[in-house]
Amino acid sequence: MSTNNRINPLARDFYLRDANTVAPELLGKLLVHHSASGITSGMIVEAESYVGPFDKGSHSYLNKRTERTEIQFGLGGYAYVYTIYGMHSCFNVVTNTIDKPEVVLIRALEPVDGQDLMCQRRNMDYGIDLCNGPGKLCQAMDITKELYGCDLCGDKLYLVPFQHIEKKQIMVSPRINIDYADECRDYLWRYFIQDNPYVSKIAKRYSEQKKPYGI
């Protein structure tokens with residue numbers, strides 16, 4: 001893909017659908033960040049959906065509206081960024097329409113542009129571990145809480161088409177590390193590209209429960 005094509009973000013309509021429709025379609029899209037230190041990008045290879053009203057794994061479960069979750073209650077196509085363990089950022093794509101709080105957590109990227117800068121930020125040599133986790137990819141892409149609410153249809157942090165991922169290439173499994181979510185922890189709402197080496201490393205029990213998407 002040419003550089004010019006990488007500055008035409010996905011239109012708002014793409015995001016104005018439910019999270020479990022958007023999530024598998026995010027696979028193969030290119031996440032691009034224009035920061036003060038340079039441009040970095042990576043192809044999305046793994047994502048998880050969260051649906052606030054009835055999903056015990058969601059920050060907006062039971063439509064809980066707080067200063068942190070407020071962005072989820074607006075239109076889709078904005079960034080929901082939060083911090084875990086007081087140090088690692090996690091980047092989510094807000095989906096659906098007003099008062100329908102749904103998001104998709106981006107769990108892993110395959111680095112494309114600015115790999116040297118990514119390595120510098122992560123203080124490591126290039127390898128499959130560079131962006132194979134939500135905290136890792138945010139560090140590599142310099143995505144912080146300052147980007148909370150960023151319009152993904154703008155020119156700073158956005159997504160563009162990159163590779164077409166066929167349905168048969170997509171696998172699903174339970175979401176990672178949400179054992180607190182009771183029965184919701186077993187929802188097959190984690191989507192990833194089969195056999196892609198940049199998918200995050202996970203516990204064996206998640207792999208044992210994976211299956212092809214749509215089956």
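Please read these numbers as outputs of a predicted model, since none were measured by experiment.
- Taking hydrophobic clusters as Ile, Leu, Val, Met, Phe, Trp and Tyr residues chained together by side-chain heavy-atom distances below 4.5 Å, Val104 does not share a cluster with Tyr78.
- A single hydrophobic cluster is seen to contain both Leu109 and Ile128, as judged by linkage of ILVMFWY side chains at heavy-atom distances under 4.5 Å, directly or through other members.
- Transitive grouping of hydrophobic side chains (ILVMFWY, heavy atoms separated by less than 4.5 Å) keeps Val94 and Trp189 in distinct clusters.
- Side-chain atoms of Ser58 and Pro101, non-hydrogen and from C-beta on, never get closer than 4.5 Å to each other.
- Looking at every heavy atom in both residues, Tyr213 comes nearest to Pro24 through OH-CG, 3.4 Å.
- Applying the side chain to side chain contact (heavy atoms under 4.5 Å, CB included) criterion to Lys168, with sequence neighbours excluded, gives Glu166.
- Judged as a salt bridge (Lys or Arg N to Asp or Glu O under 4.0 Å), the pairs with a partner in residues 190-201 (not counting sequence neighbours) are, in order, Glu46-Arg190, Asp129-Lys201.
- With sequence neighbours excluded, the residues forming a salt bridge (charged side-chain N to carboxylate O under 4.0 Å, His left out) with Asp182 are Lys56, listed by chain and number.
- Atom CD1 of residue Ile44 and atom CG of residue Leu26 lie 5.0 Å apart, to the nearest 0.5 angstrom.
- Side chain of Thr69 to main chain of Lys64: a donor-acceptor pair is present (N/O by atom type, distance under 3.5 Å, no hydrogens or angles).
- For Pro134, the side chain to side chain contact (heavy atoms under 4.5 Å, CB included) partners at least two apart in sequence or on another chain are Cys90, Leu105, Arg107.
- Tyr198 places none of its side-chain heavy atoms less than 4.5 Å from the side chain of Ile193.
- We find the CG-CG distance between Asp125 and Asp116 to be 10.5 Å, quoted to the nearest 0.5 Å.
- For Tyr191, the side chain to side chain donor-acceptor pair (under 3.5 Å) partners two or more places apart in sequence, or in a different chain, are Asn20.
- Applying the salt bridge (Lys or Arg N to Asp or Glu O under 4.0 Å) test to pairs two or more places apart or on separate chains, those with a residue in residues 80-102 are Arg65-Asp99.
- Taking the side chain as every heavy atom from C-beta outward, Phe192 and Asn196 never approach each other to under 4.5 Å.
- Using a 4.5 Å heavy-atom threshold, the side chains of Leu157 and Phe91 count as touching.
- With sequence neighbours excluded, the residues forming a salt bridge (charged side-chain N to carboxylate O under 4.0 Å, His left out) with Asp55 are Arg175, listed by chain and number.
- Residues Phe54 and Cys184 share a closest heavy-atom pair of O-SG, 3.8 Å.
- To the nearest 0.5 Å, the span separating CD1 on Ile39 from CG on Asp113 amounts to 7.5 Å.
- Sequence neighbours left out, not one pair with a member in residues 82-92 passes side chain to side chain donor-acceptor pair (under 3.5 Å).
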Quick one: do Val32 and Leu159 satisfy side-chain contact (heavy atoms from CB on, under 4.5 Å)? Show the steps, please.
-> CA-CA 6 Å; Val32 184; Leu159 289 83; over 6 Å; no

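- Going from atom CG of Asn96 over to atom CG of Leu75 covers 9.5 Å, rounded to the nearest 0.5 Å.
- Listed by chain and number, the residues in a side chain to side chain donor-acceptor pair (under 3.5 Å) with Glu25 are Arg17 (sequence neighbours excluded).
- Closest approach of Tyr50 and Ala19 over heavy atoms only: O-CB, 4.2 Å.
- Nearest heavy-atom pair across Cys153 and Ala11 is SG-C, 4.1 Å.
- The salt bridge (charged side-chain N to carboxylate O under 4.0 Å, His left out) test applied to Asp179 returns Arg205, not counting sequence neighbours.
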Tyr80 and Val93: CA distance, side-chain angles, deciding distance, side-chain contact (heavy atoms from CB on, under 4.5 Å) verdict | CA-CA 6 Å; Tyr80 173 50; Val93 172; over 6 Å; no

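- When hydrophobic clusters are built by joining Ile, Leu, Val, Met, Phe, Trp and Tyr residues whose side-chain heavy atoms come closer than 4.5 Å, directly or via intermediates, Ile71 is grouped together with Val103.
- If you take CG on Asp18 and OG1 on Thr97, they are separated by 10.0 Å, rounding to the nearest 0.5 Å.
- Follow the hydrophobic side-chain contacts under 4.5 Å out from Leu137 and you never reach Ile84; the two are in separate clusters.
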Take Gln209 and Ser173 through the side-chain hydrogen bond (donor to acceptor under 3.5 Å, both in side chains) test and state the conclusion after the steps.
-> CA-CA 6 Å; Gln209 297 179 66; Ser173 84; over 6 Å; no

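- In this structure, Ile165 and Ile170 have side chains that are in contact, with non-hydrogen atoms separated by less than 4.5 Å.
- A 4.5 Å side-chain heavy-atom check between Thr40 and Arg121 finds at least one atom pair inside the cut-off.
- Each side chain to side chain donor-acceptor pair (under 3.5 Å) pair with one or both residues in residues 142-155, not counting sequence neighbours, appears once here: Arg12-Asp151.
- Glu208 pairs by the salt bridge (charged side-chain N to carboxylate O under 4.0 Å, His left out) definition with Lys204, not counting sequence neighbours.
- The two residues Ile202 and Tyr206 have their closest heavy-atom pair at CD1-CB, 3.4 Å.
- Contact record, Asn63 with Phe73: O-CZ, 3.5 Å, taken as the closest heavy-atom pair.
- Taking the six-membered ring wherever Trp is involved, the centroid distance between the rings of His33 and Tyr158 does not fall below 6.0 Å.
- Under the 4.5 Å side-chain criterion, counting only non-hydrogen atoms from C-beta, Leu31 is in contact with Ile143.
- We find the SG-CG distance between Cys119 and Leu130 to be 5.0 Å, quoted to the nearest 0.5 Å.
- You'll find the side chain of Lys29 stays beyond 4.5 Å of the side chain of Met43, heavy atoms only.
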